Amino acid sequence: MHFTNNKTYKNCTDLPTLNSYLHYTYDAHKSSLSIAFIAPPAKPEGWISWGINPTGTCMVGTQALIAFKQSTSDMTVKTYNLVSYRLIVQSKLSFEVSDLSAEYSDGVMRIFATWTLSENMTVVNQVWQVGASVINDRPARHAFVPENLNAKGELKLAEKN
């Protein structure tokens with residue numbers, strides 16, 4: 001599929017919750033994962049997030065990208081190392097991430113990024129999420145209902161033929 005960031009992605013996965021999708025291309029030679037994560041925020045003033053958890057399968061430990069409209073109404077995507085269920089603080093990730101951008105149109109937000117992964121990674125634990133509000137340019141907590149709590153899974157990186 002081709003997007004406004006002029007990239008195409010080799011794979012598309014309909015994620016099982018939150019009406020979300022992941023388009024991606026994995027380049028094993030460069031250990032890079034280019035992604036387009038697409039989801040409607042819980043409310044128009046909300047946010048979306050996609051990340052990789054290198055140490056487990058839950059939210060804590062996830063290296064996350066969170067996109068939202070800033071108070072200026074411009075879209076942004078920021079990096080968060082999620083070390084707690086209580087506090088979400090912008091921080092550097094343990095992975096190098098480049099080509100970060102976000103957009104919002106027709107009720108859907110999109111995150112674009114390229115991750116540099118560890119060599120020989122063939123599977124990553126992915127975590128995705130949507131939230132209803134942003135307060136003072138900081139994402140507020142997401143809902144704690146089954147659809148949100150089950151927004152996680154494995155992503156097999158081996159390229160499909």
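If you're wondering where the values come from, they're calculated on a predicted model, not measured in any experiment. Reckoned from all heavy atoms, side chains included, excluding hydrogens, waters and symmetry mates.
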Would you mind reporting whether [Y] and [X] have side-chain heavy atoms less than 4.5 Å apart?
X: Ile52; Y: Leu33; answer: yes
X: Trp115; Y: Val124; answer: no
X: Pro41; Y: Tyr104; answer: yes
X: Arg110; Y: Ser105; answer: yes
X: Leu15; Y: Phe37; answer: yes
X: Lys78; Y: Leu65; answer: no
X: Val130; Y: Asn19; answer: no
X: Phe144; Y: Leu149; answer: yes

Could you tell me which non-hydrogen atom of [X] sits nearest to which non-hydrogen atom of [Y], and how far apart they are?
X: Asp137; Y: Ser71; value: OD1-N, 2.7 Å
X: Met75; Y: Lys69; value: SD-CG, 3.6 Å
X: Ala151; Y: Trp128; value: CB-O, 2.9 Å
X: Asn125; Y: Glu154; value: OD1-CG, 4.0 Å
X: Val77; Y: Ala102; value: CB-CB, 4.0 Å
X: Lys43; Y: Ala132; value: CB-O, 3.6 Å

Nearest-0.5 Å distance that lies between atom [atom1] in [X] and atom [atom2] in [Y]:
X: Ser32; Y: Glu96; atom1: OG; atom2: CD; value: 10.5 Å
X: Ile111; Y: Ser20; atom1: CD1; atom2: OG; value: 10.5 Å
X: Leu82; Y: Met59; atom1: CG; atom2: CE; value: 5.0 Å
X: Met121; Y: Ser31; atom1: CE; atom2: OG; value: 9.0 Å
X: Thr122; Y: Leu155; atom1: OG1; atom2: CG; value: 10.5 Å

Item to check | Asn81, Thr55, Thr79, Asn53 screened by side-chain hydrogen bond (donor to acceptor under 3.5 Å, both in side chains) with Gln63, the one that passes | outcome: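 When side-chain hydrogen bond (donor to acceptor under 3.5 Å, both in side chains) is applied between Gln63 and each of Asn81, Thr55, Thr79, Asn53, only Asn81 qualifies.
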
Item to check | Ring geometry between Tyr9 and His23 (parallel below 30°, tilted from 30 to 60°, perpendicular above 60°) | outcome: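 It falls in the tilted class, 30° to 60°.
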
Checklist entry - Hey, does the side chain of Trp47 reach the backbone of Ala140 with a donor-acceptor pair shorter than 3.5 angstrom? => result yes

Checklist entry - Is a side-chain donor or acceptor of Thr25 paired with a backbone partner of Ser34 at a separation under 3.5 angstrom? => result no

Checklist entry - Who passes side-chain hydrogen bond (donor to acceptor under 3.5 Å, both in side chains) against Asp74, sequence neighbours left out? => result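 By the side-chain hydrogen bond (donor to acceptor under 3.5 Å, both in side chains) rule, Asp74 matches Thr72.
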
Item to check | Residues in salt bridge (Lys or Arg N to Asp or Glu O under 4.0 Å) contact with Asp99, at least two apart in sequence or another chain | outcome: Lys7

Checklist entry - Under the criterion side chain to side chain contact (heavy atoms under 4.5 Å, CB included), which of Thr62, Leu18, Thr17 is the partner of Gln129? => result Leu18

Checklist entry - Which one of Leu117, Ile35, Asn11 satisfies the side chain to side chain contact (heavy atoms under 4.5 Å, CB included) criterion with Tyr26? => result Leu117

Next on the checklist: In this structure, would Leu93 and Tyr24 fall into the same cluster of hydrophobic residues linked by side-chain contacts under 4.5 Å?
Outcome noted: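 Cluster IDs for Leu93 and Tyr24 match.
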
